[in-house]
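All values reported here derive from a predicted model rather than from experimental measurement.
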Number of protein chains: 2
Amino acid sequence: MSNYIFVMTDPEYIITFMTMIRSKANNMIVAEFKKNNITGIAPSHAAILNFLYKSKIKLRMVDIAEQIQRDKSTLTVLVNKLVKLGYVKRERSDEDSRITYIVLTKKALELKPTFTRIARLMIKTAFKDFDQKEQKLLMDKLGKLYNNY
Amino acid sequence: MSNYIFVMTDPEYIITFMTMIRSKANNMIVAEFKKNNITGIAPSHAAILNFLYKSKIKLRMVDIAEQIQRDKSTLTVLVNKLVKLGYVKRERSDEDSRITYIVLTKKALELKPTFTRIARLMIKTAFKDFDQKEQKLLMDKLGKLYNNY
DNA sequence: AAAATATAGTTTGACATAAAACTAATGTCA
DNA sequence: TGACATTAGTTTTATGTCAAACTATATTTT
């Protein structure tokens with residue numbers, strides 16, 4: 001028994017609280033994957049795939065790293081796993097041989113509907129009972145917080 | 001050059017956005033530590049120390065784990081480091097020998113003013129130009145988001 | 001009292017993550 | 001053209017993190 005009651009909505013713990021929210025969201029994503037027999041995939045991998053699904057042009061490592069907000073060295077590891085699991089392939093550019101394009105495999109394309117459905121579910125779940133105005137308000141306040149650092 | 005512009009305030013990326021905020025906050029904490037010649041300490045370690053500073057009773061591993069929202073196995077590793085750096089000591093309970101109390105050393109107590117000052121600075125920075133109402137509103141919306149999962 | 005269960009903490013194994021150092025290729029500029 | 005700087009990506013190293021298995025002790029149940 002602790003003498004201390006952790007009040008998550010105390011502004012002092014806003015960062016911890018946001019971490020908790022992220023953790024819950026991630027758990028839900030992983031659970032949804034499991035329901036759909038998708039294993040070995042973490043939310044970060046899903047973020048890569050979702051970005052690839054949406055893109056109309058070939059994407060380089062740096063493009064993806066920027067989008068999912070991870071270091072390029074982290075991305076190398078994440079993509080390695082996606083390659084190993086058969087979701088993506090690396091393709092060396094002809095024009096600039098420094099560049100590697102990451103392209104979806106047939107396996108990944110077949111799963112596109114599942115992944116996009118889960119992505120939509122996540123947003124819908126997060127903002128359940130938020131109206132448009134409320135949603136914008138939250139994002140604005142978070143934006144302000146972000147800029148304060 | 002990506003064809004995609006990452007709009008951080010798009011509700012779709014709320015989790016990524018919160019991760020970015022956390023990252024910025026963490027970077028600032030680490031920078032503040034460096035300024036004060038405190039090295040080898042990550043934000044999670046600081047969270048442990050800050051909790052110990054505030055507590056009026058001896059704290060067990062589980063108490064701390066609950067407060068800083070980490071698995072107990074993670075806490076073992078974090079505390080190991082704090083022991084190694086000389087900030088805390090482990091103390092076996094006499095009444096219940098399963099229990100280990102974590103107690104601050106002299107070194108840690110001397111640094112209490114510095115740690116609490118940095119903790120206050122972090123909150124002040126986060127909520128710069130937030131009035132009381134705005135602050136509460138943000139926390140309420142985050143609370144709603146949290147409960148939606 | 002013995003057996004079963006619960007609790008506290010550590011160890012092990014796996015993984016996401018980032019910083020720094022590195023390789024390789026391209027671009028710039030004097 | 002040659003030297004220097006930039007860019008793309010990987011490797012290396014280190015760390016925070018969790019889940020599962022484990023040890024040890026205490027509590028509950030039968």
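- The distance between atom NE2 of A:His45 and atom C1' of C:dA14, rounded to the nearest whole Å, is 12 Å.
- Checked against side-chain contact (heavy atoms from CB on, under 4.5 Å), A:Val30 has the following partners two or more places apart in sequence or in another chain: A:Pro43.
- Taking B:Lys136 as the reference, B:Asp140 meet the salt bridge (Lys or Arg N to Asp or Glu O under 4.0 Å) condition, with sequence neighbours excluded.
- Taking the centre and axis of the six-membered ring of A:Tyr149, the NZ or CZ atom of B:Lys24 falls outside the cone set by 45° and 6.0 Å.
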**Item:** Under 4.0 Å protein heavy-atom contacts per nucleotide of nucleotides 22-29 of chain D, with B for base, S for backbone only and - for none
**Value:** ---BS---

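- Counting distance only, with no hydrogens placed and no angle test, the side-chain atoms of A:Thr100 and the base atoms of D:dA8 include no donor-acceptor pair under 3.5 Å.
- Taking only side-chain nitrogens and oxygens, B:Ser73 never comes nearer than 4.0 Å to OP1 or OP2 of D:dA20.
- The CE-P distance, from B:Met20 to C:dA18, rounds to 12 Å in whole Å.
- Taking atom CG on B:Leu85 and atom C1' on D:dG16, their separation rounds to 14 Å, with Å as the unit.
- Considering only side-chain N and O atoms, B:Thr76 lies nowhere under 4.0 angstrom from the phosphate OP1 or OP2 of C:dG9.
- Evaluation of the salt bridge (Lys or Arg N to Asp or Glu O under 4.0 Å) rule for A:Glu95 yields no partner, not counting sequence neighbours.
- A:Leu78 comes within 4.0 angstrom of the backbone, heavy atoms only, and of no base.
- Partners of A:Arg120 according to the side-chain hydrogen bond (donor to acceptor under 3.5 Å, both in side chains) rule, which considers only residues two or more places apart in sequence or in another chain, do not exist here.
- Atom-to-atom distance recorded for A:Phe51:CZ and A:Ile68:CD1 is 9.5 Å, nearest 0.5 angstrom.
- Looking at residues two or more places apart in sequence or on another chain, you find a salt bridge (Lys or Arg N to Asp or Glu O under 4.0 Å) between A:Asp96 and A:Arg98.
- Scored by the salt bridge (Lys or Arg N to Asp or Glu O under 4.0 Å) test, A:Lys141 finds B:Glu134 as partners (sequence neighbours excluded).
- Contacts between residues 23-35 of chain A and DNA chain C, defined by a heavy-atom separation below 4.0 Å, involve no residue at all.
- What separates CG of A:Leu82 from P of D:dT10 is a distance of 13 Å, to the nearest Å.
- Proximity of A:Thr74 to the phosphate of C:dA16: no side-chain N or O atom is located under 4.0 Å from OP1 or OP2.
- For A:Leu75 and C:dA16, the CG to P distance is 12 Å, given to the nearest whole Å.
- Comparing A:Asp71 and B:Asn80 by the nucleotide of DNA chain C whose heavy atom lies nearest to each, the residue mapping closer to the 5' end is B:Asn80.
- One atom, CD1 of B:Ile41, and another, P of D:dT15, lie 13 Å apart when rounded to the nearest Å.
- Rounded to whole angstrom, the span from the CD1 atom of A:Ile48 across to the P atom of D:dG9 amounts to 13 Å.
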Table please: side-chain donor-acceptor pairs of residues 79-89 of chain B below 3.5 Å, with sequence neighbours left out.
residue, atom, partner, partner atom, Å
B:Asn80, OD1, B:Arg90, NH1, 3.1
B:Asn80, OD1, B:Arg90, NH2, 3.0
B:Asn80, ND2, B:Thr76, O, 3.3
B:Lys81, NZ, B:Gly40, O, 3.2

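- Atom-to-atom, CE of B:Met61 to P of C:dT11 comes out at 10 Å; the value is rounded to the nearest Å.
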